[in-house]
2 protein chains.
Amino acid sequence: MKLSDIIEDWIKNVLKEEQYIDLQRNELANQFNCVPSQINYVIDTRFNNSNGYYVESRRGGGGYIRITKIDYSKGEYIMNLVNSIKDNITNNETQIILNSLYKNDFATETEIKLIKVATNDKVLRLNNEIKDNVRACILKNMLINLL
Amino acid sequence: MKLSDIIEDWIKNVLKEEQYIDLQRNELANQFNCVPSQINYVIDTRFNNSNGYYVESRRGGGGYIRITKIDYSKGEYIMNLVNSIKDNITNNETQIILNSLYKNDFATETEIKLIKVATNDKVLRLNNEIKDNVRACILKNMLINLL
DNA sequence: ATATTTTTGACCTTATTTGACCTTTGAATA
DNA sequence: TATTCAAAGGTCAAATAAGGTCAAAAATAT
């Protein structure tokens with residue numbers, strides 16, 4: 001079994017019990033006898049947003065990497081939605097999705113407003129091809145974090 | 001937990017009850033077993049204006065440092081914030097702003113998560129120059145919608 | 001044989017801690 | 001009154017303690 005998989009399992013094992021875990025990158029690298037950047041590799045490939053994790057970190061003295069598990073239990077609806085969204089989505093399609101989300105009570109009015117703004121055509125000042133792509137990415141990630 | 005955070009918490013705890021606090025720098029440094037300038041560091045990084053505090057001090061005999069909590073309304077706080085954000089902003093600066101927004105109770109946890117995700121470096125797959133610019137735009141617009 | 005994934009390491013950025021040296025101020029002294 | 005001195009607080013840069021990035025090398029998979 002590859003080291004990255006072993007580290008992945010170790011972290012997931014902790015996350016079975018806890019909602020989040022705070023890592024010391026160097027300490028962990030030491031524990032698994034690898035270079036520190038391998039920890040980043042594992043995090044980037046196994047604990048990214050679309051895998052259902054949320055990662056924050058700080059540098060400097062007392063720095064840490066926090067991996068938070070996103071709790072899916074609440075929303076099959078939302079997960080279906082996220083999975084149905086392709087790599088690109090237009091402003092219009094987004095509006096429709098968000099309206100139904102609100103009607104179905106999966107988000108508060110402020111939350112919907114926030115998502116609408118972040119995916120809005122006027123706010124996303126980019127050329128068209130890339131815009132629908134960035135929008136899809138933002139939208140999916142935001143939806144996941146609604147859970 | 002790092003010392004600076006501990007000192008921060010201690011001060012904030014006093015400020016829960018009081019509108020302001022008068023510190024003796026050397027005495028406090030002594031209490032926390034650190035050099036006096038660390039007190040300045042904590043004040044500079046945690047109790048500055050954009051965090052909603054106002055600091056006055058006097059040197060010489062009978063000197064003191066007074067930290068006063070500013071009671072911003074949500075609207076004032078957010079508008080200040082929005083106006084202080086330039087055309088470009090990094091992921092890191094954004095995190096700091098959002099954390100203090102949450103600490104000041106001007107946004108719910110989900111709202112903060114949504115904004116963090118929408119402005120996140122990994123989600124915004126764009127080249128660096130344009131990324132900080134798009135992020136600033138998204139951030140400002142989302143903040144306004146928090147009102 | 002080639003493409004993809006993993007491992008490794010050199011170099012970078014950021015946050016905190018520490019200490020040497022500087023400035024201001026009020027009180028005591030000349 | 002002018003001078004001096006001790007008691008504050010201020011500044012800044014070095015040392016230390018994290019974590020981040022990126023690309024080359026190695027290993028695996030197709």
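A note on names: the letters A, B, ... follow the listed sequences, proteins ahead of strands, and every chain is numbered from 1.
- Counting any heavy atom pair closer than 4.0 Å across all strands shown, B:Arg66 reaches no nucleic acid atom.
- Here the side chains of B:Arg46 and B:Asp5 are in contact, with some heavy-atom distance below 4.5 Å.
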How would nucleotides 18-30 of chain D be written as a contact map, 5' to 3', with B for base contact, S for sugar-phosphate-only contact and - for no contact, using protein heavy atoms under 4.0 Å? BBBBB--------
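- Enclosure of atom CD in A:Glu109 is not indicated, since only 12 or fewer non-hydrogen atoms of other residues, nucleotides or ligands lie within 6.0 angstrom.
- Using a 4.0 Å cut-off on heavy atoms, none of the residues of residues 86-93 of chain B approach DNA chain D.
- Within the 4.0 angstrom heavy-atom criterion, no nucleotide atom of any strand lies near A:Ile39.
- Look at B:Asp105 and B:Lys74 and you find no salt bridge, because none of the NZ, NE, NH1 or NH2 atoms lies under 4.0 Å from a carboxylate O.
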Indicate every side-chain donor-acceptor pair of residues 58-72 of chain B with a distance under 3.5 Å to a residue at least two apart or in another chain.
| unit_1 | atom_1 | unit_2 | atom_2 | d |
| --- | --- | --- | --- | --- |
| B:Arg66 | NE | B:Asp22 | OD1 | 2.7 |
| B:Arg66 | NH2 | B:Asp22 | OD2 | 2.9 |
| B:Lys69 | NZ | B:Leu15 | O | 2.5 |
| B:Lys69 | NZ | B:Glu18 | O | 3.4 |

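- Residues meeting the salt bridge (Lys or Arg N to Asp or Glu O under 4.0 Å) test with B:Glu111, sequence neighbours left out: none.
- Atoms CG (B:Asp5) and C1' (C:dA15) sit 10 Å apart, rounded to a whole Å.
- Between C:dT7 and A:Ser4, a contact under 4.0 Å exists linking OP1 or OP2 to a side-chain N or O.
- With respect to B:Glu8 and B:Lys103, a salt bridge is recorded, a charged nitrogen being found less than 4.0 Å from a carboxylate O.
- If you measure from atom CG of A:Asn30 to atom P of D:dA17, you get 15 Å, rounded to the nearest angstrom.
- Rounded to whole Å, the distance from CE on B:Met1 to P on C:dA15 is 17 Å.
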Acceptor/donor pairs from residues 29-39 of chain A side chains to any protein atom, 3.5 angstrom cut, sequence neighbours excluded:
| unit_1 | atom_1 | unit_2 | atom_2 | d |
| --- | --- | --- | --- | --- |
| A:Gln38 | NE2 | A:Ser4 | OG | 3.0 |

Let me have the donor-acceptor pairs involving side chains of residues 94-102 of chain A, under 3.5 Å, with sequence neighbours excluded, atom names and distances please.
| unit_1 | atom_1 | unit_2 | atom_2 | d |
| --- | --- | --- | --- | --- |
| A:Thr94 | OG1 | A:Thr90 | O | 2.7 |
| A:Asn99 | OD1 | A:Lys116 | NZ | 2.9 |
| A:Asn99 | ND2 | A:Gln95 | O | 3.3 |
| A:Ser100 | OG | A:Ile97 | O | 3.0 |

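- Between A:Asp9 and A:Lys12 there is no salt bridge, since none of the side-chain N atoms of the basic residue sits less than 4.0 Å from a carboxylate O of the acidic one.
- Atom CG in B:Asn33 sits roughly 15 Å away from atom C1' in C:dG19 (whole-Å rounding).
- Nucleotide D:dA17 holds its C1' atom 14 Å from the CG atom of B:Leu3, rounded to whole Å.
- Taking atom CD of B:Gln95 as the reference point, atom C1' of C:dT14 lies 14 Å away to the nearest angstrom.
- The separation between B:Gln38 atom CD and D:dT16 atom C1' is 13 Å, rounded to whole Å.
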